[in-house]
Amino acid sequence: MQPKILCALAMAAFAGAAFGQQTVGFATLQPGTLLNAQASVIAKVVQDNSKLQVRVIGHGGDTGIIDAVNSKQADMLLLDVGEPAEAMKGENVWKGNPKPNIRLAMSLFGFQMAFWVRKDSPIQTIADLKGKNIPSDWVQQTSVITHLNALLAAGGVSMNDVKKVPTVNVIRASEDFKSGKIDVFFFAVGAPKVQEISAAVGGLRVLSMEILPDSEQRMKNIRPEYYFSTVNPAPHIAGIDKPTKVQTIDFIIGVGTHVKDDVVRDFIKAVQENKKSLVEGHPNFNAFDPKQAGKPQPRLPFHPAAEKYWKEAGLLK
């Protein structure tokens, strides 16, 4: 490398340090998922409104994301609250393998998930999944096991009632659906991959949860953070042509205990104060209420700097 180039790189590095820039590793799912798309938007907003540089790091599943933050290979994460909360406490699939260094930075909004079938499929409700080919095992993305169990339970079905087809993560399962190996796939509402699969198979339809009188409680029996919320038809959402209730769990930004207080403060401040820019990056951020960003999560405590910030902002008692 030429001396002039080396000199320029050195000066750039020095300039970054001089102006207090710090790179934050932001762990989430791989490209093609809704989380990755939204993490990229958040990263840009934070960079535009702070001195932080944010690098989005895609992983094949929740296990890699949580491990990365717990082991200090990444600093922040974007996931639904259920898995980080259970990982921190060593509960459910994390029993005997706790990740004690995970904390809550902020709550964003309800993360909506659903089952999808082909538009012309005879499957109309979750009850109709009995005897059908359903993705299972989820080697890289163990959190989906709980999501699926809860969603099936809402419709009065369990994994014992279906034919299990092992898969790795939601991306692989969606490809298995496209090729006809499975009859239904599970994905986030509004994810780019859902649009892609819809175009490939001639259209999709969100699967009715056949709302039983106690459907929501059936989900909560699996994981207390679950609830129903309504999705309205929108151009970026495939398979929904009327207001539809879907499985929901709060979508959070988590943070490692190793992350410095000023980094945590600057990151969440940039997100909380710039909803307009978030919405310009992705329409799902319309659901973000900055006044609810300090919402506590019962099974995942705040990072001390985040707790201090939300209390000073009057958004946490």
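All figures in this text were calculated on a predicted structure; none of them were measured in a lab.
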Legend entry - Linked, directly or transitively: Ile57 and Val24 (ILVMFWY side chains, under 4.5 Å): no

Legend entry - Polar side-chain atom of His59 near backbone of Gly61 as donor-acceptor pair, under 3.5 Å: no

Inset, instruction - Compute whether any side-chain donor of one residue and acceptor of the other, for Ser229 and Gln112, lie under 3.5 angstrom apart. - result: yes

Inset, instruction - Kindly indicate whether the side chain of Leu79, heavy atoms from C-beta on, has any atom under 4.5 Å from the side chain of Leu35. - result: yes

Inset, instruction - Assess whether side-chain contact (heavy atoms from CB on, under 4.5 Å) is satisfied between Met159 and Lys164, documenting all intermediate values. - result: CA-CA 8 Å; Met159 288 297 287; Lys164 301 175 185 178; 3.9 Å; yes

Inset, instruction - Classify the ring geometry between His282 and His236 as parallel (under 30°), tilted (30 to 60°) or perpendicular (over 60°). - result: perpendicular

Inset, instruction - Check whether Val139 and Phe187 end up in the same hydrophobic cluster, where Ile, Leu, Val, Met, Phe, Trp and Tyr are linked by side-chain heavy atoms less than 4.5 Å apart. - result: no

Inset, instruction - For the pair Asp67 and Lys99, find out whether any cationic side-chain nitrogen is under 4.0 Å from an anionic carboxylate oxygen. - result: yes

Legend entry - Ile268 CD1 to Met76 CE distance, which is reported to the nearest 0.5 Å: 7.5 Å

Inset, instruction - Using a 4.5 Å cut-off on heavy atoms from C-beta on, say whether the side chain of Lys178 contacts that of Phe185. - result: no

Inset, instruction - May I ask you to decide whether Lys95 forms a salt bridge with Glu91, counting only side-chain N to carboxylate O separations under 4.0 Å? - result: no

Inset, instruction - May I ask you to say whether Asp261 pairs ionically with Arg265, meaning some side-chain N is under 4.0 Å from a carboxylate O? - result: no

Legend entry - Donor-acceptor contact below 3.5 Å, side chain Asn149 vs main chain Ile145: yes

Inset, instruction - Inspect the contact between Glu216 and Lys220 and indicate whether a charged nitrogen and a carboxylate oxygen are less than 4.0 angstrom apart. - result: no

Legend entry - Worked check of side-chain contact (heavy atoms from CB on, under 4.5 Å) between Trp138 and Val170: CA-CA 8 Å; Trp138 304 95; Val170 293; 3.9 Å; yes

Inset, instruction - Would you mind checking if Glu175 and Lys181 are paired as a salt bridge, meaning a charged N to carboxylate O distance below 4.0 Å? - result: no

Legend entry - Nearest non-hydrogen partners of Val255 and Val264, listed with the distance: CG2-CG2, 3.9 Å

Legend entry - Atom CZ of Arg299: over 12 foreign heavy atoms under 6.0 Å: yes

Inset, instruction - Consider only side-chain heavy atoms of I, L, V, M, F, W and Y, link residues closer than 4.5 Å, and tell whether Val168 and Val184 are in one cluster. - result: no

Inset, instruction - Please tell me if the side chains of Val194 and Leu204 come closer than 4.5 Å, counting only heavy atoms from C-beta onward. - result: yes

Inset, instruction - Evaluate side-chain contact (heavy atoms from CB on, under 4.5 Å) for Val259 paired with Phe267, printing each intermediate quantity in order. - result: CA-CA 11 Å; Val259 181; Phe267 194 105; over 6 Å; no

Inset, instruction - Answer with yes or no whether the side chains of Gln292 and Ser107 bring together a donor and an acceptor at under 3.5 Å. - result: no

Legend entry - Asp250/Lys295 ion pair, N-O < 4.0 Å: yes

Legend entry - Minimum heavy-atom distance Gly32-Pro192, with the two atoms named: O-CD, 3.9 Å

Legend entry - Within 45° cone of Phe115 ring axis and under 6.0 Å: Arg205 NZ or CZ: no

Inset, instruction - Taking all non-hydrogen atoms of both residues into account, name the closest pair between Thr28 and Leu78 and its distance. - result: OG1-O, 3.3 Å

Inset, instruction - Measure the CG-CG distance between Leu300 and Leu104 for me, rounded to the nearest 0.5 Å. - result: 5.0 Å

Legend entry - Check: His147 and Tyr226 side chains under 4.5 Å, non-hydrogen atoms: yes

Legend entry - Donor-acceptor pair, side chain of Lys275 and main chain of Asn286, under 3.5 angstrom: yes

Inset, instruction - Say whether, by atom type as modelled, one donor and one acceptor occur between the side chain of Ser50 and the main chain of Gln47 under 3.5 angstrom. - result: no

Legend entry - Nearest-0.5 Å distance, CG of residue Leu148 to CD1 of residue Ile222: 11.0 Å

Legend entry - Side chain proximity check, Val144 to Phe186, heavy atoms < 4.5 angstrom: yes

Legend entry - Under 3.5 Å: donor-acceptor pair, side chain of Ser40, backbone of Asn36: yes

Inset, instruction - Taking Asp128 for its side chain and Ile123 for its backbone only, find out whether a donor-acceptor pair lies under 3.5 Å. - result: no

Legend entry - Min side-chain heavy-atom separation Leu278-Val41 under 4.5 Å: yes

Legend entry - Donor + acceptor pair across side chains of Glu83, Trp94 (<3.5 Å): yes

Inset, instruction - Measure the spacing between OG of Ser71 and CD1 of Ile66 and express it to the nearest 0.5 Å. - result: 11.5 Å

Inset, instruction - Can you sort out the partners of Phe288 under ring pair (Phe, Tyr, Trp, His ring centres under 6.0 Å), two or more places apart, ordered by chain and number? - result: none

Legend entry - Over all atoms of both residues, closest heavy-atom pair of Gln247 and Ala150: NE2-CB, 3.6 Å

Inset, instruction - Please name the pair of heavy atoms, one in Ala154 and one in Phe228, separated by the smallest distance, quoted to 0.1 Å. - result: CB-CZ, 4.3 Å

Inset, instruction - Look at the side chain of Asn169 and the backbone N and O of Gln141, then say whether any donor-acceptor pair between them is shorter than 3.5 Å. - result: no

Legend entry - Euclidean distance, Ser198 OG relative to Trp116 CH2, rounded to 0.5 Å: 9.0 Å

Legend entry - Heavy-atom closest pair, residues Thr23 and Asp75: O-OD2, 3.9 Å

Legend entry - Residue pair Leu108 / Val271, side-chain heavy-atom distance below 4.5 Å: yes

Inset, instruction - For the pair Ile102 and Leu77, evaluate side-chain contact (heavy atoms from CB on, under 4.5 Å) and give the outcome as yes or no after the intermediate values. - result: CA-CA 9 Å; Ile102 308 295; Leu77 61 79; 4.3 Å; yes

Inset, instruction - Please check if atom NZ in Lys44 has more than 12 non-hydrogen atoms from other residues, nucleotides or ligands closer than 6.0 Å. - result: no

Inset, instruction - State the CH2-CD distance between Trp310 and Glu312, to the nearest 0.5 angstrom. - result: 12.0 Å

Inset, instruction - Taking the side chain as every heavy atom from C-beta outward, state whether Asn232 and Thr230 have any pair of such atoms under 4.5 Å apart. - result: yes

Legend entry - Backbone N/O of Pro290 and side chain of Gln272: donor-acceptor pair under 3.5 Å: yes

Legend entry - Main-chain N/O of Val45 paired with Asn274 side-chain donor or acceptor, under 3.5 Å: no

